[in-house]
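Worksheet for the structure shown next.
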Amino acid sequence: MPANKRDADTAELGQVKFLTVAEVATVMRVSKMTVYRLVHSGELPAVRVGKSFRVPEKAVHDYLQNAYFDAG
C-alpha cells in the first residue's frame, strides 16, 4: 500500500496507457489533424511530451462513448 498520496498518484499514473496522436487517429478512424483539433479545443485531454502529445487511452474511450447519439 502506498505510504502517502504522492506515492499513490505515481502508482496510478504508472497504470495509465498513453497513445500517440497517430494511434488515436487510427482508433477513431479520423485524420491526425482531427485529433490535433480535438486536443487544442480541449475536447480530448492530452499531455505534452516535448513537441508531441500523448492522450490517455481512457480519454479516447470516454470521448467515443459520449459521442454516440440516437439517430432513430
Side-chain angles (χ1 to χ4, degrees):
M1 194 168 239
N4 59 39
K5 182 170 178 4
R6 184 175 178 170
D7 290 344
D9 291 344
T10 302
E12 231 176 81
L13 279 176
Q15 302 301 315
V16 176
K17 181 176 179 188
F18 289 97
L19 303 175
T20 65
V21 168
E23 290 170 331
V24 174
T26 299
V27 168
M28 294 177 69
R29 298 183 59 106
V30 298
S31 71
K32 289 191 293 185
M33 186 54 66
T34 298
V35 177
Y36 282 116
R37 284 188 194 114
L38 291 170
V39 167
H40 287 291
S41 72
E43 293 181 68
L44 193 59
V47 175
R48 188 158 198 148
V49 180
K51 293 183 178 182
S52 12
F53 288 100
R54 295 295 183 265
V55 180
E57 185 176 40
K58 183 175 179 347
V60 176
H61 293 293
D62 290 347
Y63 177 85
L64 291 173
Q65 187 69 35
N66 293 327
Y68 280 103
F69 67 95
D70 188 5

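Hydrogens, waters and symmetry mates are skipped; everything else that's a heavy atom, side chains included, is used.
Under the 4.5 Å side-chain heavy-atom criterion for Ile, Leu, Val, Met, Phe, Trp and Tyr, Tyr36 and Val27 are members of the same hydrophobic cluster. When the side chains of ILVMFWY residues are joined at heavy-atom separations under 4.5 Å, either directly or via intervening members, Val16 and Val49 end up in a single hydrophobic cluster. Both Val30 and Val55 are part of a single hydrophobic cluster, where members link through side-chain heavy atoms under 4.5 Å apart. Under a hydrophobic clustering in which Ile, Leu, Val, Met, Phe, Trp and Tyr are joined whenever their side-chain heavy atoms come within less than 4.5 Å, directly or via other members, Leu44 and Leu64 fall into the same cluster.
In this structure, Met28 and Leu38 have side chains that are in contact, with non-hydrogen atoms separated by less than 4.5 Å. Counting heavy atoms from C-beta outward, Arg54 and Thr20 have side chains that approach closer than 4.5 Å. Within the 4.5 Å cutoff, the side chain of Val21 has no heavy atoms near those of the Val39 side chain.
Residues satisfying the ring pair (Phe, Tyr, Trp, His ring centres under 6.0 Å) test with His40, not counting sequence neighbours, are Phe53.
Glu57 contributes atom CD, which lies 10.5 Å from atom CG of Asp62 (distance to the nearest 0.5 angstrom).
Other residues, nucleotides and ligands contribute more than 12 heavy atoms inside 6.0 Å of the CZ atom of Arg48.
Closest of all the heavy-atom pairs between Pro45 and Ala59 is CG-CB, 3.6 Å.
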